[in-house]
Amino acid sequence: MDNNNTQPQPQIQNLTDGMHIVVDALKRNGVEVVYGICGIPVTDLARHLQEVGIRYIGFRHEQSAGNAAAITGYLTKKPGICLTVSAPGFLNGLTALANATTNGFPMIQISGSSSRAIIDLQQGDYEEMDQMNIAKPLVKASYRINRPEDIATGVARAIHAAVSGRPGGVYLDLTTALLASVMDKDTADKTLYTVEDPAPASIPSDASVDKAMQMLKQAKNPLIIIGKGAAYAQADDTIKQFIEKTGIPFLPMSMAKGLLPDDHPQCAAAARSYALENADVVMLLGARLNWLLSHGKGKHWNPSVKFVQLDIDPQEIDSNRHIEAPVVGDIVSSMGLMVKSLDKYDIKPDPAWLSGIDADKKKNFAKMEIKLNDNTSPMNFFNALKAVRDVLENYKDIYLVNGGANTLDDTRNVINMYMPRHRLDCGTWGVMGIGMGFSIGAAITTGKSVVAIEGDSAFGFSGMEIETICRFKLPVTVVVFNNGGIYNGWHNNLGGGSDPSPTTLMADARYDKLIEAFGGTAYNATTPDELSKALSAGIDSKKPTLINCVIDPKDGTESGHISNLNPKTIIKD
Ligand code: ADP
Ligand code: TZD
Ligand code: MG
């Protein structure tokens, strides 16, 4: 070949395409990890993510990928990203996106979609679905990008919607045509930018702060209820300062456990009923008065209780009952102002209130110790949880993922948390299936060890993701509390046939064998001692581990602590 070719070369344009622009826009906005499942039309998109150094975590089911993205959002205050294929993949991810919206976790589900023209005439395209409109009622915002020059704007709008105000799920639709569209690279690069201040501070009025402080000052029996909105806000030090300086007892909602340590002298968790029945002023700190707090009314509450509510969402105020002192703002700003104004108000809970709570706590601790020390064979929930508790006392920075009914409620009551945002669970919906997705999301995002305590039913919803855990070699130890069923494993078929009852699962199942298929470490624990050794070994190894924890199928209450929500029927069993 002649190297001295002096002929003029045709001008080759420097081109890019929709896929690359999407990747560049995500990179430009600090996205570090994407969770998802590949297929038409997004496979190359995932490859290009890796190409630019964004981690891509491939899952076995989109719902788990979505859950991993949602919990990444909760832990980082940045939107977690889930990538799905059209129609069925999109729908599989949508449950997690809706759950993220319900819980206030910032998340963006990005999905490929089929040809607009064919979808709109319902002509039967491959994986045809009007995804943007189907997502709309379940999310904070739902957008579709049709032109490559709009990609940066679409990504920016999705980020703003996910993290501003009350965070939530956002759907972003990328059509096949968009992904394949071609554009001059220099022009495309000029469209890209990093979003400015996507979660702006929201500062409450001085008057609202003053009213709240006055109410707390006048209270004899004040109580602070801390919710996961407060944990999300990452105002840990300010909240601690306010609580310790005022001396007001606090009650953490499930995922707010650990914001202040559960063994803090002002923690009223072990005196929950007493505290709710007797508090005269309750300050809600990033917690909703939803079903988890009996809507702030009824027999669980002091009939003359008054509320202060700190929330970023003005529409939350008065949603269930009258709020006497709403403080609308973000918790960093609101708590900051309240701490600053502390010197002006002499807030002092009645000593009789504090000693009443202490006495109730002591009584309940004693009752709990009896349950925990009751040795049974096979194990029951409480003696198994005592073994777990004693081990986890040595790993106070562990991320604890928790799903199930009894397994959820009893673990929440027995296992103390010591650090903010370290307890990740079924949340506002009480949804099953978050277990492995949350575990993977937490391990990937924090690089720290995770223990998942899962009911045997709960585990089944995302169990195949143990392959993902093994493939990515994550420091996750899964403990399956195997009592042979949904709630328990002792019910019979009311029709007398040989089919198992609707709530029965296999009590003799060896869930530990599953992880052996993928090279993880397996244990079968039949005594508290075996459980304790297996759990310590699993955590210490920092390798994927699964413990089948054999629990008496007779143990476990129908629906755990919320049997009262079941419609009343005549039970013949
Ligand atoms: P929990 O289940 O722990 O009681 P919820 O999810 O019901 O918590 O409530 C959390 C509340 O916190 C929501 O009403 C949400 O609007 C609010 N919130 C979320 N982030 C912030 C923030 N940064 N500042 C103030 N409130 C927030
Ligand atoms: N499906 C989904 C997505 N979420 C749900 N909450 C349920 C079904 C209903 N459900 C519960 O509310 S708890 C639960 C189901 C199926 C499982 C309870 O059994 P488990 O826990 O084995 O996980 P325990 O310890 O046996 O109670
Ligand atoms: Mg069970």
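Being a predicted model, the structure only gives us computed values, none of them experimental. For ligands, and for the atoms within them, numbers begin at 1 and follow the listed sequence.
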heavy-atom search around atom 25 (C) of ligand 1 in the protein gives Ile331 CG1, 3.2 Å
Of all protein heavy atoms, the one nearest atom 22 (O) of ligand 2 is Asp456 OD1, 2.6 Å
So the angle subtended at the Mg ion (ligand 3) by Asp456 atom OD1 and Gly485 atom O, rounded to 10 degrees, is 100°
In this structure, does ligand 2 have an atom that sits under 4.0 Å from one of the heavy atoms of Gly430? yes
Ranked by distance from atom 17 (C) of ligand 2, the top protein heavy atom is Ser457 OG, 3.4 Å
Logged contact type for Trp429 with ligand 2, heavy-atom cut-off 4.0 Å, is neither
For atom 16 (O) of ligand 1, the closest protein heavy atom turns out to be Asp311 OD1, 2.6 Å
re atom 23 (O) of ligand 2, the protein heavy-atom contact at minimum distance is Ala458 N, 2.9 Å
| said: Would you say the ring centers of Phe438 and Tyr399 fall short of 6.0 Å from each other? | reply: no
protein heavy-atom neighbour closest to atom 3 (C) of ligand 2 works out as Met432 O, 3.7 Å
Looking only at distances, please establish whether an N/O atom of ligand 2 is found under 3.5 Å from an N/O atom of Asn488.
no
Verify the neighbour count for atom NZ of Lys140: are there more than 12 heavy atoms of other residues, nucleotides or ligands below 6.0 Å? yes
Logged contact type for Ile225 with ligand 1, heavy-atom cut-off 4.0 Å, is neither
The option among Arg288, Met255, Met335 carrying the non-hydrogen atom nearest to atom 6 (O) of ligand 1 is Arg288
Which of Asp262, Asp425, Asp263 passes salt bridge (charged side-chain N to carboxylate O under 4.0 Å, His left out) with Lys257? Answer is Asp262
Ranking Gly286, Gly427, Gly227, Ser319 by closest non-hydrogen atom to atom 10 (C) of ligand 1, top hit is Gly286
closest protein heavy atom to atom 25 (O) of ligand 2 is Thr407 OG1, 2.5 Å
**Asked** Relative to the ring of Phe250, is the ring of His264 parallel (under 30°), tilted (30 to 60°) or perpendicular (over 60°)?
**Response** perpendicular
Item to check | Side-chain donor-acceptor pair present, Lys299, Ser294, cut-off under 3.5 Å | outcome: no
Logged contact type for Phe459 with ligand 2, heavy-atom cut-off 4.0 Å, is neither
for atom 4 (O) of ligand 1, nearest protein heavy atom and its distance come out as Met253 CG, 3.3 Å
_Using a plain distance cutoff, I'd like to know if Gly485 has any nitrogen or oxygen under 3.5 Å from a nitrogen or oxygen of ligand 2._
yes
Can you tell me if Gly329 has a non-hydrogen atom under 4.0 Å from ligand 1?
yes
Short version for Asn483: what comes under 4.0 Å of ligand 2, heavy atoms counted, is side chain
among protein heavy atoms, the one nearest atom 21 (O) of ligand 2 is Ala405 N, 3.2 Å
- Item | Protein non-hydrogen atom below 4.0 angstrom of atom 15 (C) of ligand 2 present | yes
In terms of its nearest heavy atom to atom 12 (O) of ligand 2, the top option of Phe461, Tyr487, Phe381 is Tyr487
N-O pairing of Lys371 and Asp374 below 4.0 Å:
no
Atom 2 (O) of ligand 1 has as its nearest protein heavy atom Lys228 NZ, 2.9 Å
